[in-house]
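Here is the structure we will look at.
Not measured: the values here are computed from a predicted model.
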Amino acid sequence: VQLQASGGGLVQPGGSLRLSCAASGFTLDYYAIGWFRQAPGKEREGVSCISTSSSGGSTYYADSVKGRFTISRDNAKNTVILQMNSLKPEDTAVYYCARRGSSYCSGYYSTNSYDYWGQGTQVTVSS
């Protein structure tokens with residue numbers, strides 16, 4: 001079982017990035033998947049979550065990213081995408097994807113409810 005997060009980089013304020021979370025060893029759509037981020041000196045925070053397709057594919061967002069970030073699934077590629085638009089300097093962090101031990105996202109912001117984590121990808125928003 002492995003999760004691989006990719007797509008990070010350096011972008012100017014107002015720009016966009018598309019993060020991918022690719023899974024191997026299991027079918028991603030059998031689990032809710034969350035995205036977290038951790039800035040230097042801060043706790044890891046939940047950014048977004050998507051439930052399984054069979055559970056309705058519901059999406060959840062932190063207030064700080066609502067309206068700017070979109071989470072989705074590409075089941076053909078066994079991947080979850082986090083599209084990030086209108087990026088701000090405060091979005092700078094290492095972003096992680098994680099597999100939840102559930103089909104649902106309720107309480108998604110709790111790191112304790114995830115059993116596998118990707119290695120993280122750095123997102124830097126700066127002019």
Side-chain angles (χ1 to χ4, degrees):
V1 173
Q2 196 171 12
L3 289 170
Q4 179 82 23
S6 62
L10 173 64
V11 64
Q12 292 187 342
S16 298
L17 282 174
R18 187 172 185 262
L19 304 186
S20 295
C21 177
S24 57
F26 70 100
T27 301
L28 211 57
D29 201 21
Y30 289 175
Y31 301 87
I33 300 298
W35 281 97
F36 286 74
R37 66 186 181 186
Q38 188 165 20
K42 294 189 176 181
E43 291 187 356
R44 193 168 295 191
E45 66 167 334
V47 173
S48 182
C49 182
I50 186 166
S51 68
T52 61
S53 298
S54 62
S55 301
S58 302
T59 58
Y60 299 78
Y61 300 95
D63 287 343
S64 57
V65 307
K66 205 169 290 183
R68 300 187 297 122
F69 290 11
T70 303
I71 191 171
S72 61
R73 291 184 182 273
D74 184 344
N75 290 333
K77 296 182 179 178
N78 206 27
T79 298
V80 168
I81 303 297
L82 185 68
Q83 178 67 42
M84 306 188 299
N85 298 328
S86 302
L87 283 162
K88 304 175 181 180
E90 52 263 43
D91 294 318
T92 295
V94 178
Y95 282 70
Y96 301 88
C97 61
R99 188 183 85 170
R100 202 147 194 257
S102 169
S103 302
Y104 300 95
C105 286
S106 91
Y108 76 91
Y109 38 79
S110 170
T111 58
N112 294 335
S113 59
Y114 295 84
D115 55 5
Y116 287 95
W117 292 79
Q119 85 289 0
T121 184
Q122 175 71 47
V123 171
T124 303
V125 185
S126 175
S127 54

Legend entry - Side-chain (S110) to main-chain (G107) donor-acceptor, under 3.5 angstrom: no
Legend entry - Atom pair CZ (R44) and CZ (R37), whose distance is rounded to the nearest 0.5 Å: 13.0 Å
Inset, instruction - Find out whether L28 and N75 are in side-chain contact, i.e. whether some heavy atom of one side chain is under 4.5 Å from a heavy atom of the other. - result: no
Inset, instruction - Using modelled atom types only, decide if a donor and an acceptor are shared between the side chain of D29 and the backbone of S53 within a distance under 3.5 Å. - result: yes
Legend entry - Pairs touching residues 7-23 that satisfy salt bridge (Lys or Arg N to Asp or Glu O under 4.0 Å), sequence neighbours left out: none
Inset, instruction - Identify the heavy atoms of S48 and L82 that sit nearest to each other, and give their distance. - result: CB-CD1, 4.1 Å
Legend entry - Closest non-hydrogen atom pair, T121 against G8: OG1-N, 3.0 Å
Legend entry - Value rounded to 0.5 Å, distance of CD in Q83 from CG in L17: 8.5 Å
Inset, instruction - Could you tell me whether the side chains of S16 and N85 share a donor-acceptor contact shorter than 3.5 Å? - result: yes
Legend entry - Heavy-atom side-chain proximity of W35 to V80 below 4.5 angstrom: yes
Legend entry - Within 6.0 angstrom of K66 NZ, more than 12 heavy atoms from elsewhere: yes
Legend entry - Heavy atoms of other groups near F26 CZ, more than 12 under 6.0 Å: yes
Inset, instruction - Verify the neighbour count for atom CD of E43: are there more than 12 heavy atoms of other residues, nucleotides or ligands below 6.0 Å? - result: no
Legend entry - Within 6.0 angstrom of Y61 OH, more than 12 heavy atoms from elsewhere: yes
Legend entry - Heavy-atom side-chain contact between S126 and L10 under 4.5 Å: yes
Legend entry - Short side-chain donor-acceptor distance under 3.5 Å, Q122 and T124: yes
Inset, instruction - Step by step, work out the side-chain contact (heavy atoms from CB on, under 4.5 Å) result for Y108 and I50. - result: CA-CA 9 Å; Y108 76 91; I50 186 166; over 6 Å; no
Inset, instruction - Please report the shortest heavy-atom distance between T92 and P89, naming the atom on each side. - result: OG1-O, 2.9 Å
Legend entry - Minimal non-hydrogen separation, A5 against Q119, with atom names: O-NE2, 2.8 Å
Legend entry - Criterion side-chain contact (heavy atoms from CB on, under 4.5 Å) on M84 and R68, from CA distance to verdict: CA-CA 6 Å; M84 306 188 299; R68 300 187 297 122; over 6 Å; no
Legend entry - Which atom of Y95 lies closest to which atom of A93, heavy atoms considered: CD1-O, 3.4 Å
Inset, instruction - Decide, yes or no, whether a salt bridge links D91 with K88 under the criterion of side-chain N to carboxylate O below 4.0 Å. - result: no
Legend entry - Test ring-ring contact (aromatic ring centres under 6.0 Å, His included) applied to Y114 - qualifying residues, sequence neighbours left out: F36, W117
Inset, instruction - Say whether R100 and Y31, considering side chains only, have a donor N or O and an acceptor N or O under 3.5 Å apart. - result: no
Inset, instruction - Would you mind reporting whether L19 and V123 have side-chain heavy atoms less than 4.5 Å apart? - result: yes
Legend entry - Side chain R73, main chain S51, donor-acceptor under 3.5 Å: yes
Legend entry - Cluster link Y109 to Y60, ILVMFWY, side chain under 4.5 Å: yes
Legend entry - Donor-acceptor contact below 3.5 Å, side chain S102 vs main chain Y104: yes
Legend entry - pair Y116-I33: side-chain heavy atoms closer than 4.5 Å: no
Inset, instruction - List the atom of T79, the atom of S20, and the distance in Å for their closest heavy-atom pair. - result: CG2-CB, 4.0 Å
Legend entry - N78 side chain to A23 backbone, donor-acceptor under 3.5 Å: yes
